[in-house]
Structure formats: C-alpha cells, structure tokens
Amino acid sequence: MALQFYNSLTRKKEEFTPLDPPRVGMYTCGPTVYNYAHIGNLRTFMFEDLLRRYLNYRGYVVRHVMNLTDVEDKIIRTCRETGESRESLTARYTQAFFEDLDALGIERAEAYPAATDHINDIVAAIKRLLEKGHAYEIDGSVYFRLSSFPDYGKLSHFDIAKLQSGASGRVDHDEYETDDVRDFALWKAYDEDDGDVYWETELGKGRPGWHIECSCMSMKYLGESFDIHCGGIDNLFPHHENEIAQSEAATGKPFVRYWLHSAHLLVENKKMSKSAGNFYTLRDLLKMGHDPLAIRWVLLATHYRQPSNFTFEALAAAGRSLQRIRDFRIRLSEVRQPDGDDLRDACETCETRFREALDDDLNISAALASVFEFIRQVNVQLDQFAVGRGGAERALALLDRLNAVTGVFAPPIAEEAPREVLDRVAARTEARRNRDFALADAIRDELAESGWLIEDTPDGPRVKRTD
RNA sequence: GGCGGCAUAGCCAAAUGGUAAGGCAGAGGCCUGCAAAGCCUUGUAUUCCCGGUUCGAUUCCGGGUGCCGCCUCCA
C-alpha cells in the first residue's frame, strides 16, 4: 500500500505524490509568541513532527517551514497592558517555544521565519494583489476582495453566500468598514492603540494582517505551489481558506496540494480552559514532575484526526509503557551468547506492520501496537535464551529506526551506579550467597530508598535508577 | 441557523459488513529464597440510544442524546 493522507481539501484519503520527489515542501502554522504554548498547541506540533519524521523515514527530503507570528492583535494588546516592547515579549516567548520543542524531542524545522522579518515581502505581496484587483484600500488599510476569488470556500466547504458574518459573536462590526463584511484585512492602518508597533511602508504606516504572512512566507521558502500544509483544525477556516485566496489570486497557480489538519485535545474529557482549571502548559506538567517523554507519548499516541483525551491516568500509563520499552532494550543489550535466533523474521514483520500502519494516514496506534507485539514475542525468546547477539543487535537497530520516527523507543539514559552503590550491591550478593536473606533484603530496601532498584538475573544483579 | 468531527472494556486507544488490536491498571498462575523484570491465563466489551437496509452492523442509512470544532484573526 502506498503512503496516503487524508486531504481536507477533498475530504478523502489520497495517495501522496510530491511535486518534485524526493523533495517535499511542508508548511505548518506556528505559534503566536505572546505566551507559553499549551498542550493542545503542542499536540498539533507533535503531529507535524511525526509527519516530517515519517516522511524522512520514507526517504523523502523534507523542507519544513514553520512561521512565528510576532505581530498580531493579541501581541499588541499584551504589550499595551504590560508596557513590554513587542520585540522583548516575542523574543522571550520564542525562546520558550523552542525550549518546549526541545523538552518534547520535537525536531527542528528547516526554517522558522518570523512575520516582522518579512515586512517587505508582505508589502510586495499586497501590492501584487492590489494590482490584480483582488484587494482595495480604505483609510490606509488594505482588504482582500472575496468577490474577486470565486473558489473561496473550497477548503472549508462553506458556501460563501451563506456565511453568516459574525455568527460566532466575536466580531465587532463597527471595526469594519469594508465593501463586504466578509472581506479580510491584508494590511492594517496604524491606530493609536498600536503604540510603537508599526512600519512605514509604501502602503503607509501600519502593520500586516495575520493571514498574509503565511501566504507570503510559505511561497517564499517553498515555492508558489508546494506539497503539504498543516495546522490545527480550527485554522481551517478562515485562516487557511484565506491563505488559499491570497496565494492563488496572486499567482494563478494551485497553492497547496495536501492540507492536513489535526483535531483538538480535551483534558479529562473537557475543553481545556483556564476557568475550568484544566489548562496546562508543558511547563505546568514538568513542574509537577511528569516525564517529558511520557507527555510526548500521550500527545502522539492518538491518531491526529481524532479528538484526543488527555488524562493524568493516561500520562501515568504512558510512563509505564516507556519503562517496558526501556527494560526491553536493556535485556537486548545484555545478550552475550553468539548463537541463537537472528530475529530477522520478527524484525521484518514488525517493521512492515509499522510502516503499513503509518502509510495509512499516520495510524500511529496500530504502528505502536506492532512494536508491542514484537516486544512480547522477543521477550519470550529472551526468557528461553533463544536470541543470539546478532539478533539482539538487529532488534536494537530496529528500535533505533522506529525511534527516529516516533521518538519514544530511545534507549534509557544510562546512569552509572556510583561506587558506594555497587559496594552495597556486592555486599548483598555476598549475603545472598551466605543465605542471609534478611541482610540481603535490608540492603535492597536501603538501596531502593536511595533510588536504585536491584533485579536479580541469571547473570547476576542488575542495577537500575528508579527516579 | 450553516458546515464538520467524535461516542469502543476501570483508563488511554485501533480496526472491521461476518460477534473487536495494542498499552496501562486489576485478578490468578509460572519463574524467584522473597522480589523485580519477563511470560501464561483472565475482562461472554449489549462497540451511546432507537429504528432501517442486510443472511449478518459495532462498521452502511435515518432519527435521537451527549461532547467537541469552525462560521473573520483560537493548535
């Protein structure tokens, strides 16, 4: 079966064929850097990470671009309220964003263009739309003329004529004095409330609208037509619909071939909100002492188009699943015997099932299941001393490849037990040899207290760090 | 009002027109001096409810209930 993705544009699964294989251009809507990302945001970034990693695994050469929105209404409002400069605020939260990515093991994109570094490009793009009659200026602001783009609505499948403007109650109509209330801003004329956030350009004094930066920067870095565009489902309309309108009106070419959208994250089966007390940033969870890799697991393990339910019970379960994987790797690394099963068949079966699952629109749950079945099967053989060194190494190499895709099959962080711990372990071994089990158990308890777990194996005691 | 998604065992979560993966937790067992790890067995899962199509539906269709998303700047 070929690699296929569900394309929001057609609402169907489609075989993935890049424009210029093996190269793949991929644009993902990034954060607005005015506060910390919450775990719902991070779920989307996690899905995009899986996508880029899997494309790499499949042999594609991925160019992934993620924008940083560093000028926008909420940023300006925050600056006005706190007195902090836009530059300082966005620099701070940009850094925090990258710290979060690192904590979760999310791979870096090839480029992170910031809107304010592309004001000239944005102005040029808007001028192009003005020249082509797709935009108009009123009182120093420039708006996109929806009526000039008949395809509007093809992504969201909204009937433009039936769009009830302001049905969400979030729009103050008085703010708009456009030809048509559905027209959206490309350039916003300066307003006193904007403080010192403005640029003097050919379009006048003002700042870019939100949607135009993504059209502008995605095409600048990936070309006027490119392969994949991702984001959270809530960005499908209007943001992505507007991107299509701006881009295709300007170029006359198809903008994006595959649109992939991730579903939202619920927390304890409820919408995450500060007032409900179930709103978490990554930092909140880390502060509570949770393992970032377990958080990665929880955010990753549900299919990206399914609403996912984040619970602390699931987080704890994820941690134990990871421990099972780490223990399995330890057992494999301890195999010394030269002869035995080479695990060729088991590894091939596992990897084939893993790949077939992810080929099917990134079915991560089925992919993970194939690995757990492999682990159980090989554990049986390890119990019987049936695996040879070559087989163990083959299995470890497989886990490394699967880890490159998922980031959850990494080896445990090796921590050498200090001298005094090893001395106590030796003392316990001696006590056991003398059948002084009371002493042996006391030593084991004492070591457990200090965070070192002893497991007796046929080859002697194994010492593991527990926290 | 329009458009869309979801509802599977205690929890997380796949799949399928022929009575349902995987993980975690629980129970019993093997192993162990005892443990841990591992393995085996174990949850008759009324697959939200009510209809319909079908030899057969959890899977398709209709209705209902509940939750969630979008409807101009929220991943």
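The sequence lines fix the lettering, A, B, ..., with proteins before strands; numbering per chain opens at 1.
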Return the pairing partner of [N] with a 3.5 Å limit on both distances, Watson-Crick or G-U wobble; otherwise return none.
| N | result |
| --- | --- |
| B:C70 | B:G2 |
| B:U53 | none |
| B:U42 | B:G26 |
| B:G33 | none |
| B:U65 | B:A7 |

Taking the minimum atom-to-atom distance to the side chain of [X], which one of [options] wins?
| X | options | result |
| --- | --- | --- |
| A:Ala369 | B:G33, B:A13, B:A21 | B:A21 |
| A:Leu146 | B:G69, B:A36, B:U72 | B:U72 |
| A:Thr302 | B:A36, B:G22, B:A13 | B:A13 |
| A:Ser365 | B:A15, B:A21, B:A75 | B:A21 |

Tell me: [atom1] of [X] to [atom2] of [N], nearest whole Å?
| X | N | atom1 | atom2 | result |
| --- | --- | --- | --- | --- |
| A:Phe47 | B:A13 | CZ | P | 17 Å |
| A:Asp360 | B:A21 | CG | C1' | 14 Å |
| A:Asp234 | B:C68 | CG | P | 15 Å |
| A:Ile233 | B:C67 | CD1 | P | 20 Å |
| A:Asp445 | B:A36 | CG | P | 12 Å |
| A:Leu42 | B:A75 | CG | C1' | 9 Å |
| A:Leu266 | B:A75 | CG | C1' | 13 Å |
| A:Leu236 | B:G2 | CG | P | 20 Å |

Assign each of A:Leu265 and A:Ala318 to its nearest nucleotide of RNA chain B by heavy atoms, then name whichever residue's nucleotide is nearer the 5' end. A:Ala318
Result for 5'-nearest mapping on RNA chain B, choosing between A:Gly231 and A:Ser370, is A:Ser370
Could [X] and [Y] be called an ion pair, given the rule that one side-chain N must be under 4.0 Å from one carboxylate O?
| X | Y | value |
| --- | --- | --- |
| A:Arg326 | A:Asp291 | yes |
| A:Arg394 | A:Asp341 | no |
| A:Asp383 | A:Arg331 | yes |
| A:Arg86 | A:Asp194 | no |
| A:Asp100 | A:Arg283 | yes |
| A:Asp361 | A:Arg305 | yes |

side-chain contact (heavy atoms from CB on, under 4.5 Å) assessment of A:Trp199 paired with A:Val197: CA-CA 7 Å; A:Trp199 286 262; A:Val197 180; 4.1 Å; yes
For nucleotides [N] and [M], find the distance between their [atom1] atoms and express it as a whole number of Å.
| N | M | atom1 | result |
| --- | --- | --- | --- |
| B:U65 | B:G28 | C1' | 40 Å |
| B:G52 | B:U41 | C1' | 42 Å |
| B:A35 | B:A45 | C1' | 34 Å |
| B:C49 | B:G10 | P | 14 Å |
| B:G63 | B:G69 | C1' | 23 Å |
| B:U46 | B:U19 | C1' | 11 Å |
| B:A27 | B:A36 | P | 12 Å |
| B:A14 | B:A9 | C1' | 14 Å |

Mind checking if [X] touches a base, just sugar-phosphate, or nothing, with heavy atoms under 4.0 Å?
| X | value |
| --- | --- |
| A:Leu382 | nothing |
| A:His239 | nothing |
| A:Glu241 | nothing |
| A:Leu453 | sugar-phosphate |
| A:Arg428 | base |

Gap between atom CG of A:Leu300 and atom CG of A:Leu293 - 0.5 Å precision: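 Interatomic distance, A:Leu293 CG to A:Leu300 CG, rounded to 0.5 Å: 10.0 Å.
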For the side chain of A:Arg320 and the base of B:A25, is some donor closer than 3.5 Å to an acceptor across the two?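 Looking at the base of B:A25, it does not pair with any donor or acceptor on the side chain of A:Arg320 (distance under 3.5 Å).
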With no angle test and no hydrogens, is the base of B:A75 tied to the side chain of A:Thr44 by a donor-acceptor pair under 3.5 Å?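 In this structure, the two groups form a donor-acceptor pair.
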For the residue pair A:Phe5 and A:Tyr54, is the inter-centroid distance of their aromatic rings smaller than 6.0 Å?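 Ring centres of A:Tyr54 and A:Phe5 not closer than 6.0 Å.
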Can a side-chain donor-acceptor contact be found between A:Glu241 and A:Ser156 if the only test is distance below 3.5 angstrom? yes
Between A:Gln377 and A:Glu373: side-chain donor-acceptor atoms closer than 3.5 Å: no
Does the plane of the ring in A:Tyr280 sit parallel, tilted or perpendicular to the ring in A:Phe310? Use 30° and 60° as the thresholds. tilted
Pi stacking test for A:His303 and B:A14: under 5.5 Å apart, planes under 30°: no
Answer yes or no as to whether B:G22 has its base stacked against A:Phe372, where stacking requires a ring-centre separation under 5.5 angstrom and planes under 30 degrees apart. no
Worked verdict on A:His229 versus A:Glu243 for side-chain hydrogen bond (donor to acceptor under 3.5 Å, both in side chains): CA-CA 11 Å; A:His229 195 315; A:Glu243 279 188 55; 2.7 Å; yes
Would you say a side-chain N or O of A:Lys270 is under 4.0 Å from OP1 or OP2 of B:C68? no
Protein-nucleic acid N or O pairs under 3.5 Å, nucleotides 3-11 of chain B:
residue: B:C11; atom: O4'; partner: A:Glu313; partner atom: OE2; Å: 3.2

Per-nucleotide protein contact along nucleotides 37-42 of chain B, 5' to 3', at a 4.0 Å heavy-atom cut-off (B base, S sugar-phosphate only, - neither), is SSSS--
